[in-house]
Amino acid sequence: MDANEPREQGWTQFGAKPPAAGGFPSHDTAILPPPPPPPAARKPGFTGGQKAIAGLALAAMAIGGGVAGAAITSAFQTPQVVQSAPSPAFKPAANQMTISEVATKVQPSVVMIQGQQAGGSGVVLSEDGLILTNNHVVAANGQQSQLSVKFSDGKTAKATVVGTDPSTDLAVIKAEGVSGLTKAELGDSDQLKVGDAVLAIGSPLGLEGTVTSGIVSALDRTLNVGGEQEQQLPPGWGRGGQDSAPPTSIGGAIQTDASINSGNSGGALVNAAGQVVGINTAIATNGSNGSIGLGFAIPMNTAKQVADQLSTTGTVKHAFLGVSVTDASGDVPGALVRQVTQNSPAAKAGLTQGDLITRIGDKPVDGGDTVVGQVRGFKPGQQVKITYMRDGKQNEVTVTLEEKK
């Protein structure tokens with residue numbers, strides 16, 4: 001597999017392989033109807049047979065059915081009211097904010113996106129209506145389909161697609177005829193640490209403005225998303241168009257136990273200071289039992305880089321390494337180089353067939369997916385240190401990445 005192309009096999013929304021870097025056991029997966037809203041009781045922990053699904057934070061909608069299909073309507077006709085405890089406090093280094101204060105700050109910057117076939121969430125980038133979301137939210141409805149955006153104050157606006165980047169599963173849309181919007185404050189995702197408190201804000205199951213809390217439970221996951229057809233949906237629901245999104249690998253993903261469900265795609269993962277540090281994009285499931293309470297977000301530093309390019313040119317320039325890799329089969333984890341493209345950055349740096357890549361920069365490489373995901377997070381012209389094994393000896397080389405043609 002080419003380090004700049006999706007893997008033919010891997011952990012997709014419907015595939016069999018979990019995320020890299022200490023992921024889940026490898027099992028088959030199945031697409032399920034969206035589960036009912038989680039109860040107030042404590043979420044169950046890990047159990048055997050856990051399975052992973054990426055790119056499913058996408059709410060399929062009944063054709064002509066508005067925000068949610070018949071199954072969701074009946075599920076929420078008689079909601080239960082549970083008395084809440086006092087809002088717990090976030091404790092960032094510089095100040096202290098409660099969950100409700102952070103939510104109040106960020107909710108005006110998160111929107112609900114609706115289309116004919118499916119819906120999701122988005123994050124406001126500019127006062128005049130630029131909105132960041134997932135590519136699979138747009139692809140599910142088709143590039144030329146009519147989208148609408150619902151804001152936190154209940155107002156709605158039509159939206160058009162500015163640009164999409166299937167390689168990173170990101171897209172930018174533009175709400176029409178709006179001004180004075182509250183744009184999100186973007187944070188530095190590189191500063192996140194395992195255990196940091198976060199909120200997920202979006203429109204799961206068509207319920208706009210939903211806030212869930214949790215922590216960063218892991219960093220630097222590699223996800224394979226897209227490229228398969230959705231198989232199971234409730235009667236009367238639209239297909240959701242998941243087969244419209246091509247397969248791709250996303251590196252450096254943030255893992256969180258903040259509840260993320262169908263419809264959270266493109267929504268905000270927020271730190272304790274009310275800054276958006278990730279774009280929610282995937283969930284993990286346990287087969288027929290539904291979500292196991294783990295979700296994944298694209299790091300904001302990657303998302304901002306892509307969003308800036310999409311907003312200005314409608315396209316994105318991607319870095320090119322020039323190697324085809326596969327998972328290592330020996331005792332040492334890594335990515336085995338199967339082929340090096342002639343005159344590529346890898347060839348110029350001296351990498352050859354049979355080298356075993358074990359680190360890219362300061363990130364360990366567990367397999368070919370990690371190489372693909374990490375390269376997608378770099379910019380053309382960026383210099384990257386690659387650690388590899390050759391003839392039983394460890395070597396290091398600095399590669400200057402080029403633009404993918």
Side-chain angles (χ1 to χ4, degrees), residues 1-11 17-26 167-168 188-194 216-224 248-255 296 298-299 301-302 305 318-404:
M1 112 182 168
D2 193 306
N4 296 90
E5 298 297 334
R7 289 179 57 83
E8 295 178 359
Q9 297 178 347
W11 183 69
K17 187 176 178 181
F24 306 101
S26 178
S167 294
T168 55
D188 183 358
S189 55
D190 287 344
Q191 298 302 312
L192 285 174
K193 296 180 176 61
V194 173
V216 174
S217 55
L219 294 168
D220 295 321
R221 297 298 196 197
T222 299
L223 309 181
N224 289 321
T248 189
S249 294
I250 300 171
I254 304 162
Q255 179 182 305
F296 303 90
I298 300 169
N301 289 5
T302 297
Q305 171 191 327
H318 288 289
F320 174 63
L321 176 60
V323 295
S324 176
V325 293
T326 188
D327 295 345
S329 57
D331 295 333
V332 179
L336 183 66
V337 177
R338 296 190 306 179
Q339 184 177 356
V340 179
T341 303
Q342 187 176 5
N343 296 322
S344 67
K348 295 174 183 177
L351 290 174
T352 63
Q353 181 181 9
D355 288 344
L356 180 66
I357 299 175
T358 57
R359 297 183 75 87
I360 295 183
D362 59 352
K363 308 294 185 185
V365 172
D366 290 330
D369 287 336
T370 309
V371 175
V372 175
Q374 290 296 327
V375 170
R376 288 220 170 106
F378 296 130
K379 301 178 183 179
Q382 189 170 348
Q383 291 188 329
V384 179
K385 182 175 70 174
I386 293 180
T387 304
Y388 64 96
M389 301 289 293
R390 180 186 295 174
D391 298 328
K393 297 180 180 180
Q394 180 172 293
N395 302 275
E396 291 183 356
V397 66
T398 298
V399 178
T400 301
L401 301 175
E402 298 175 3
E403 181 183 345
K404 182 181 179 182

Roughly how far apart are D362 CG and D220 CG, rounded to 0.5 Å?
-> 8.0 Å
Pick one: which of N395, I357, T358, V365 meets side-chain contact (heavy atoms from CB on, under 4.5 Å) with T387?
-> T358
Can you name the side-chain contact (heavy atoms from CB on, under 4.5 Å) partners of T400, sequence neighbours left out?
-> Q383
Sub-4.5 Å side-chain heavy-atom contact between I360 and F378 | yes
How close do L321 and V323 get, heavy atom to heavy atom, and via which atoms?
-> CD2-CG2, 3.6 Å
For F320 and S344, the nearest pair of non-hydrogen atoms, with its separation, is CE2-CB, 3.8 Å
Taking side chain as C-beta onward, heavy atoms only, is D355 less than 4.5 Å from I386?
-> no
Side chain to side chain contact (heavy atoms under 4.5 Å, CB included) between T168 and I298: does it pass, once the steps are laid out?
-> CA-CA 8 Å; T168 55; I298 300 169; 5.6 Å; no
Can you see which heavy atom on P299 is nearest to which on A253, and at what distance?
-> CD-CA, 4.1 Å
L219 side, atom CG; I254 side, atom CD1 - distance, nearest 0.5 Å = 7.0 Å
Between the main-chain N or O of R338 and the side-chain N or O of S324, is there a donor-acceptor pair closer than 3.5 Å?
-> no
Looking only at non-hydrogen atoms, find the nearest pair between V399 and A346 and report the distance.
-> CG1-N, 4.3 Å
Return yes if some donor-acceptor pair links the side-chain N/O of D188 with the main-chain N/O of D190 below 3.5 Å, else return no.
-> yes
Nearest 0.5 Å please: distance from the OG1 atom of T370 over to the CG atom of D327.
-> 8.0 Å
Closest non-hydrogen atom pair, Y388 against V397 | CE2-CG1, 3.8 Å
Closest approach of L401 and K379, non-hydrogen atoms and distance?
-> CB-O, 4.1 Å
Please list, chain by chain and in numerical order, all residues satisfying side-chain contact (heavy atoms from CB on, under 4.5 Å) with E403, sequence neighbours excluded.
-> K317, P380, K405
Test side chain to side chain contact (heavy atoms under 4.5 Å, CB included) on T352 and R390 and set out the steps.
-> CA-CA 9 Å; T352 63; R390 180 186 295 174; 3.4 Å; yes
Go through the steps to decide whether L356 and V337 satisfy the test side chain to side chain contact (heavy atoms under 4.5 Å, CB included), and finish with yes or no.
-> CA-CA 6 Å; L356 180 66; V337 177; over 6 Å; no
Between the CD atom in Q353 and the CG atom in L336, the distance rounded to the nearest 0.5 Å is 8.0 Å
